[in-house]
4 protein chains.
Amino acid sequence: MNDRVTHAKQVLASQNIELPSWAFGNSGTRFKVFAQQGVPRDPFEKIADAAQVNAYTGAAGSVALHIPWDKVEDYAALAAHAEALGVRIGTINSNTFQDDDYMLGSVCHPDPAVRRKATAHLLECVDIMDATGSTDLKLWFADGTNYPGQDSIADRQDRLAEVLATVYDRLGDGQRLLLEYKLFEPSFYTTDVPDWGTAYAHCLKLGPKAQVVIDTGHHAPGTNIEFIVAILLREGKLGGFDFNSRFYADDDLMVGSADPFQLFRIMHELASQDVVGPDSGIAYMLDQCHNIEAKIPGQIRSVMNVQEATAKALLVDTEALSAAQASGDVLEANAVLMDAYNTDVRPLLAELRGELGLAADPMRAYAASGYAEAIREDRLGGQAAGWGA
Amino acid sequence: MNDRVTHAKQVLASQNIELPSWAFGNSGTRFKVFAQQGVPRDPFEKIADAAQVNAYTGAAGSVALHIPWDKVEDYAALAAHAEALGVRIGTINSNTFQDDDYMLGSVCHPDPAVRRKATAHLLECVDIMDATGSTDLKLWFADGTNYPGQDSIADRQDRLAEVLATVYDRLGDGQRLLLEYKLFEPSFYTTDVPDWGTAYAHCLKLGPKAQVVIDTGHHAPGTNIEFIVAILLREGKLGGFDFNSRFYADDDLMVGSADPFQLFRIMHELASQDVVGPDSGIAYMLDQCHNIEAKIPGQIRSVMNVQEATAKALLVDTEALSAAQASGDVLEANAVLMDAYNTDVRPLLAELRGELGLAADPMRAYAASGYAEAIREDRLGGQAAGWGA
Amino acid sequence: MNDRVTHAKQVLASQNIELPSWAFGNSGTRFKVFAQQGVPRDPFEKIADAAQVNAYTGAAGSVALHIPWDKVEDYAALAAHAEALGVRIGTINSNTFQDDDYMLGSVCHPDPAVRRKATAHLLECVDIMDATGSTDLKLWFADGTNYPGQDSIADRQDRLAEVLATVYDRLGDGQRLLLEYKLFEPSFYTTDVPDWGTAYAHCLKLGPKAQVVIDTGHHAPGTNIEFIVAILLREGKLGGFDFNSRFYADDDLMVGSADPFQLFRIMHELASQDVVGPDSGIAYMLDQCHNIEAKIPGQIRSVMNVQEATAKALLVDTEALSAAQASGDVLEANAVLMDAYNTDVRPLLAELRGELGLAADPMRAYAASGYAEAIREDRLGGQAAGWGA
Amino acid sequence: MNDRVTHAKQVLASQNIELPSWAFGNSGTRFKVFAQQGVPRDPFEKIADAAQVNAYTGAAGSVALHIPWDKVEDYAALAAHAEALGVRIGTINSNTFQDDDYMLGSVCHPDPAVRRKATAHLLECVDIMDATGSTDLKLWFADGTNYPGQDSIADRQDRLAEVLATVYDRLGDGQRLLLEYKLFEPSFYTTDVPDWGTAYAHCLKLGPKAQVVIDTGHHAPGTNIEFIVAILLREGKLGGFDFNSRFYADDDLMVGSADPFQLFRIMHELASQDVVGPDSGIAYMLDQCHNIEAKIPGQIRSVMNVQEATAKALLVDTEALSAAQASGDVLEANAVLMDAYNTDVRPLLAELRGELGLAADPMRAYAASGYAEAIREDRLGGQAAGWGA
């Protein structure tokens, strides 16, 4: 057990959970975006907020950008700003769903002019990767149809494949394309990349620089996500995660808040293949909407939730587990896993934080810092960031 | 069969499907609202568009208002405008989800001041009913929580009951309160009126003027909606429908477009209890979002879809059906129902339209009318109506 | 905290989880029933096995019977047998789904002769309640249809209501009728009591002796079960639970094994209304199928899972929770709940067991007892109990 | 239109829907198998019943066998029996879920001895293919786990891959391996081939003789099956169908009875790629359970349902559809598809049957034939066939 604790602390000390810049801006549902006070007004302020999360958790050293929401004149300045605050720029996330031209799709649109426009945007994102040093291009397409007959499912796949190949060819050394799938929303009949199988089939043809991203909120009810993790790891095609949680659809709640046991099972699958750490090539990221809760502490809490699930996964007695599995002892194998899950790992993480020079309780430390009050006062005027800006 | 056709045409000739004023404004998902050209800029223009749907279908003689989206200075003028265009004002729909105060709920909010504000809005809606002559107040609450522990489920029910009682007491003679339920969205952990049972329990306590509304997109996967129809009819508590269709969640697609057989089964349940017509006391309404398709023809098509499902339901050989059911002949009973469903009722409806002085094909007739082109030219400038305005 | 721990231990010391006699017999899926060794061959042996679960947990003092599977000549002898082993006979569960006459239903069957037969069985179950001193009649009906049109949904409700009224009238003082609902299976189109609303509506008309049973595996995907708990408690109509867990449908896995956080939330809702103990009038029961795991330890583990979820629920800092809820502090309110959930309550339960004179680890104590080996040797020959016998 | 009708009739005249031998035996749920009268007692009688379906529909010329349920001494005799009755032996379906050794899996079992046993069975199935001239080996595995931790997801994939490779290597020229996926049941936590992506990944590695089978009842709620059809066709990996329909889980109801519009959309996807006919290399098959309806007419009705959906799909005005799609006319594209769906194709099929020398109404013709009465009288004594025999 002591060895396991030591190993767990080593892995946890190196763990990195990337934060999405857009989690710090306003977000909501189609019914209403409730504005919060102190929300960032530009990418620099978003990165400042993200740096707070890292300052208190020590586990969130990079920030994903969303283009065009995070477009700036000078990406070198943005990268320097991040570095000065102790974080770095991570994944570049494209957006081909908010231009009026994209009403019927972007890379799968029947009109080649629209596809060219979308392709140009994707290539621009690679330019930004070059400018920021980002290695990962994350592609999620809102493309799909709402009505049977609206468009040809097969033709749309051909169009998608063509655009993906163009973007893939543009990638430089050390750059990757991460393809994300989603069951539905904003399209309601077909989605052009609805499941891991479709993303996998495309990535397989593109080549080794193309990998699949799992967003934990993007599946049909009943889908076993840890199974998909296992399969994609086996195929060498697991590129990253968008962490969040859901009760119904793509609710984008804080990761671990809806089904903490599922999060543990996912981390167990990853820990059992020793791919939790930063050398794994898997881009671990949050992708959430703090519609009704405060955003910075919402992100802190989420990072802590991932840490706790990871800690539990690292404490699984793998020898006992394998032995029980091999002997077909269903109850004992389940019990070994549950023993780790039922362990209270908060003391271990508090201890680790102490060793890293961090406060034992990130939530309280942030609350006591006065940062929230400061930004509420400082960020008056201007346009609060959100999904549309 | 001839008797059945004759009866079907009589019922169909009197059928009324209410149109929602907001279907003519812009709508979308949290990702994007794609603006369309020629969209109404005020309630008068919305009613004008709705009147077009009625002009070509003869089956959409009323328009539901949404407050505050459809607030006007002079409701009598609005009612007169409607009448001049051959339609009337129908259900009044409240909105307690778009004020910043409602971030954590409205009628179930922990703060009594917020509940009072919401209650005042609901009472104002009854005032508008008095002013417009509308008899039905439709209540849908976005209230709920996103996270376990966020609020007390039980306390929120008490608050809800109290507000409902206040509103109920304000209703005049001939006025009703229609309570709508919805599984989720915009709340993602609990919703305060999530299912028909909850709505039913509240309506039961309120009294005979309170009834339940079924929105066909507001259920968990696998829910048998026609069963709920049967139960609520049996309990005398079915107040109305919000028709639309869905593949996944509350997609708000055109009714009958996702699962036309389900729509038929629902209409069969209603027809078998002889409550399809306007004297049934059931408020039949569309509630849809034409995010990517043209709005007026989207509504025309939807009315036609309901008409076709109704026609098929009215053609069921009920004697043969009952006989097969009584004898336990599973295949024959199913076959009798499917015979009606598999009938092409478009000729019957075209004939009926001819008898009513309407064009046989409402879609083509509208397209040929030039109305779409006219509003695109006329409605330049101003603010297009949408969910937020 | 100390007060809370003390209170928790008091409640836990009195908690009773009823065991289903049929959990000790063989069970399986439609594909295969895998026979296990040492399985009971009659109700006396089932009760002996159930008594083992109670002996090691101290929390399973009653055993539910299933009629006709547990029919015996002399119920007094069975009750005495139970008492001698430290347990008592609990709920009587009816079965109207295994006679060939019930192919198209039992209490809802179109043929009155079949309904009379089913009614007679239900009345016989009340006779057995009289003979055994059982106070609760649990009714679950497999009734429903597989094909649209197969039977009239409305007529079946009328038949159901009539039979229920007959049975209700037969109940003696202190006897209850507990009506269980289920979404689907074995019927695949309609089920005659598919949801809590339907069960509630019937119980309401029957009277105060009729209450609703929640089986945790009987809902549509995404259903919030703790919400239903809260509503039924509010209406005074929560009669009991069939505990188990599921990933997909009615999987009947060990309670707490699929979503332990959900189980905690359910227990939190109950604890917050102070109805966890045996005086609550709520019949807490397991209803599971140990298809591939050993049955007695499967039941022990399940009882422990309920105990752990209960213990966590009892440790919730309710004052802090209410304060956070009242102030609208979403993150804090959620944190208070999660603090309790994340607590490792196994030491507390081990301590409690020590105080009660039980072994700290029921699983190991049972394994060391030799009982499993003994019944494997003793129960050779005869017909192992199962769903069909 | 006339050309389209002519073409439709040509395709329909050649269409073949394979029947499963086991559809004629008794089947049920875990709650009860209701025995029917006149059920076959051996494979010869099953084939005789299947031949009746072909005699009245002209579209069911082959019968799938299930091993060991359909094991016979002399497969040549069985094949000759089939031929004499106008049908032929089709797919060979393996069974590795009914031996007691398979409680924890077959090809994925942790014990290599169990895997060897399962492999031997699969190889025996290829022997039977050699003996019967069957070209397709259909593999569906019940393998999976019920509890988190029970076994290693990753290790089970390795075991699966190894067995599949062994079987693949044994295939002769012109023989194929068809791998079927299923979300859940009888396993409730993980299933080792749960989705099309997993089946596809395995088939891809195996080679060109391995293809994926879609069972229309084996998906998570909300899955778009026609999308999977399109993707697998695009990848050249669609090997066949198990047709049936479902409202909830793997209900195995008659195809087209739960969602006829979905069946139409699937057939439209296939028709649009011109792969409906027997030369497509796609094995179209029914896989249903007639638990409460008569089996032979249940199969006849199912074949007719597929024919009707196919006829509608063949009547789609593909030029108009493509034009509307290309121009982004959402409503018109949907309308073109719905025009075909709303067409009553029963007259066309009746006409076609007349041209083929068949009765216009297969259901009535079979009912009038006296066959049902004859087998009820003839098949007294013996053991009725079912899933276990």
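Separation of atoms CG (Asn342(C)) and CG (Asn342(A)) is listed at 10.5 Å; rounding is to 0.5 Å. Atom CE of Met338(C) is separated from atom CE of Met304(A) by 11.5 Å, given to the nearest 0.5 angstrom.
Using a 4.5 Å cut-off between heavy atoms, Arg246(A) makes no contact with chain C at all. Contacts of Gln262(A) with chain C are absent, with no heavy-atom separation under 4.5 Å from either backbone or side chain. Proximity to chain C is limited to the backbone of Ala258(A), based on heavy atoms less than 4.5 angstrom apart. Interface remark: Asn305(A) contributes no atoms to any contact with chain C (heavy atom separation under 4.5 Å). Within the 4.5 angstrom heavy-atom criterion, only side-chain atoms of Pro221(A), from C-beta onward, approach chain C. Neither the backbone nor the side chain of Asp329(A) has a heavy atom closer than 4.5 Å to any heavy atom of chain C.
Closest non-hydrogen pair, Tyr341(C) versus Pro260(A), comes out as CE2-CG, 3.8 Å. For the pair Ser257(A) and Phe261(C), the tightest heavy-atom approach, listed with the atom from each and the gap, is O-CE2, 3.3 Å.
Most heavy-atom pairs under 4.5 Å with chain C: of the set Asn224(A), Val345(A), Val330(A), this distinction falls to Val330(A).
With contacts defined as side-chain heavy-atom distances shorter than 4.5 Å, the pair Met254(A)/Leu331(C) qualifies. Side-chain contact between Asp344(C) and Arg346(A) is absent, with no heavy-atom pair separated by less than 4.5 Å.
More than 12 heavy atoms of other shown residues, nucleotides or ligands fall within 6.0 angstrom of atom CD in Glu373(A).
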